[in-house]
Amino acid sequence: MIVIFGSLNIDLVARVPVIPGPGRTVLAPSYETHFGGKGANQAVAAARLAGPGNVRMAGRVGHDGFGEDAIGNLAANGVETGLIVRGSEPTGCAFITVDASGENAITVASGANLAATAADLPSAIFRADTVLVLQMEVPFEQSLRAARLAKSAGAQIVWNLAPVPAAMSVTMLRDLLDVTGFLIVNEHEAIDAAARLGTPETSFEAAAALLAKAGRLTCVVTAGAQGAYAATADGRLLHVSAPTITPVDTTGAGDTFVGAFACMLGEQAPLQLALEVGCEAAALSCLRIGAQAAMPVRSAVTALTDRR
Ligand code: RIB
């Protein structure tokens with residue numbers, strides 16, 4: 001079972017010619033409403049590959065229409081939703097602008113996500129064959145508590161260090177590295193995290209190697225069109241290329257990678273295959289607007305189907 005503890009958002013997406021800088025206004029012809037939140041995106045990405053009943057989402061939404069819709073969407077995607085709590089805060093909402101090249105800028109109004117608590121996770125859900133997936137859009141100390149609970153049951157921990165909080169201390173980072181088996185970051189997050197350990201690195205490969213060594217873990221760096229890299233605790237660096245695509249919207253591509261990667265870990269796939277499936281799923285997810293719209297089902301991922 002893959003357990004995701006994290007954020008659920010509704011994404012309001014506007015297509016703009018150029019993402020506005022501070023003090024600027026741009027006009028978009030319209031906007032679209034999509035399901036989002038890093039946690040929910042990762043849950044859907046995993047469930048599209050793992051199939052119904054193999055992914056469970058835990059988190060918090062409001063007693064509002066957005067919250068009901070977000071839960072309903074997860075259920076429709078085969079994700080178990082019984083651990084999602086409804087609270088008095090509004091459901092999280094993300095304001096997203098996407099430019100002509102598919103790049104985005106995102107502001108998240110966290111709402112109920114900030115009140116998500118690991119106290120809502122029964123310890124019985126964690127077993128040796130559980131993969132727990134965490135991100136940084138619910139309170140860090142709650143994710144850490146969930147990770148420690150899961151680790152004591154022998155579960156594997158995948159932690160997507162995104163977004164890196166401005167106030168992340170060395171202690172927080174060391175606590176995170178201590179419980180994590182697979183740290184997943186993008187190039188900037190890798191360099192940012194390494195700098196917080198007191199060792200500024202200019203290349204993400206060196207930063208990933210440092211993080212892998214510091215945490216005795218595998219550090220995976222998602223590098224967009226360049227594919228993904230994995231630095232292992234024993235000093236190896238693997239690289240997998242990404243399929244060439246013309247992106248329509250890169251929102252949620254990293255989440256698709258994380259969900260697909262977690263699915264493969266749950267199936268005890270080798271690291272190389274988990275990276276290949278993650279890269280292909282992430283590339284496919286960029287072909288339509290909205291974080292979840294183009295996340296592939298298992299039969300669409302050639303890294304899996306070609307091996308049959
Ligand atoms: O990673 C993309 C996600 O980040 C969006 O769906 C948005 O909700 C924010 O959480």
Side-chain angles (χ1 to χ4, degrees), residues 4-16 19 31-48 57-62 64 66-67 69-71 73-74 77 79 84 89-99 102-116 133-140 142-143 158-166 184-189 192 220-224 228 247-262 278-279 281-295:
I4 317 251
F5 176 55
S7 56
L8 300 94
N9 294 331
I10 294 296
D11 293 351
L12 304 181
V13 185
R15 294 216 70 148
V16 293
I19 293 168
Y31 71 96
E32 294 178 18
T33 306
H34 291 274
F35 296 105
K38 291 188 190 304
N41 291 343
Q42 293 172 12
V44 170
R48 295 238 171 113
M57 174 89 205
R60 188 170 171 114
V61 296
D64 49 27
F66 277 180
D69 290 349
I71 292 173
N73 171 62
L74 287 175
N77 277 282
V79 177
I84 301 173
E89 316 79 15
T91 298
C93 189
F95 306 92
I96 303 180
T97 42
V98 180
D99 73 10
E103 277 301 332
N104 62 55
I106 304 179
T107 301
V108 179
S110 296
N113 294 307
L114 285 188
V133 183
L134 302 161
Q135 324 75 31
M136 299 298 283
E137 289 189 334
V138 298
F140 173 75
Q142 299 303 325
S143 293
V158 175
W159 205 319
N160 176 209
L161 181 50
V164 182
I184 305 186
V185 284
N186 66 24
E187 305 106 298
H188 311 293
E189 290 155 357
D192 190 347
V220 175
V221 183
T222 56
V248 174
D249 179 9
T250 58
T251 308
D255 299 333
T256 308
F257 181 97
V258 173
F261 185 87
C279 282
L284 293 172
S285 78
C286 297
L287 299 180
R288 281 171 59 189
I289 199 152
Q292 298 175 17
M295 286 178 180

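In what follows, residues are counted from 1 in the order of the sequence shown. Counting starts at 1 for both ligands and their atoms, in listed order.
Nearest approach of Met136 to Trp159, heavy atoms of both residues: SD-NE1, 3.4 Å. Here the closest non-hydrogen pair linking Gly252 and Ala291 is CA-CB, 4.0 Å.
Residue Asn9 has at least one N or O atom closer than 3.5 Å to an N or O atom of ligand 1.
Ranking protein heavy atoms by distance to atom 10 (O) of ligand 1, first place goes to Glu137 OE2, 2.8 Å. Closest to atom 4 (O) of ligand 1 among all protein heavy atoms lies Lys38 NZ, 3.5 Å. For atom 3 (C) of ligand 1, the nearest protein heavy atom (residue, atom name, distance) is Asn41 ND2, 3.6 Å. What sits closest to atom 2 (C) of ligand 1 on the protein, heavy atoms only, is Asp255 OD2, 3.3 Å. Among protein heavy atoms, the minimum distance from atom 7 (C) of ligand 1 is reached at Asp11 OD1, 3.4 Å.
The side chain to side chain donor-acceptor pair (under 3.5 Å) search around Asp192 returns Arg196, not counting sequence neighbours.
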Test side-chain hydrogen bond (donor to acceptor under 3.5 Å, both in side chains) applied to Asn73 and Asn77, step by step: CA-CA 6 Å; Asn73 171 62; Asn77 277 282; 3.2 Å; yes
Stepwise side-chain contact (heavy atoms from CB on, under 4.5 Å) test for Thr251 and Val13: CA-CA 10 Å; Thr251 308; Val13 185; 5.9 Å; no
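For the side-chain contact (heavy atoms from CB on, under 4.5 Å) with Thr97, the lone residue among Ile106, Thr107, Asn104, Val16 that qualifies is Val16. Of the residues listed (Lys38, Gln135, Gln42), the one engaging Asn160 in a side-chain hydrogen bond (donor to acceptor under 3.5 Å, both in side chains) is Gln42, and it is the only one.
For ligand 1, the atoms lying closer than 4.0 Å to a non-hydrogen atom of Ala94 are 7 (C), 8 (O).
At a 4.0 Å cut-off, at least one heavy atom of Gly37 sits close enough to ligand 1 to count as contact.
Looking at His34 against ligand 1, nothing comes within 4.0 Å, counting heavy atoms.
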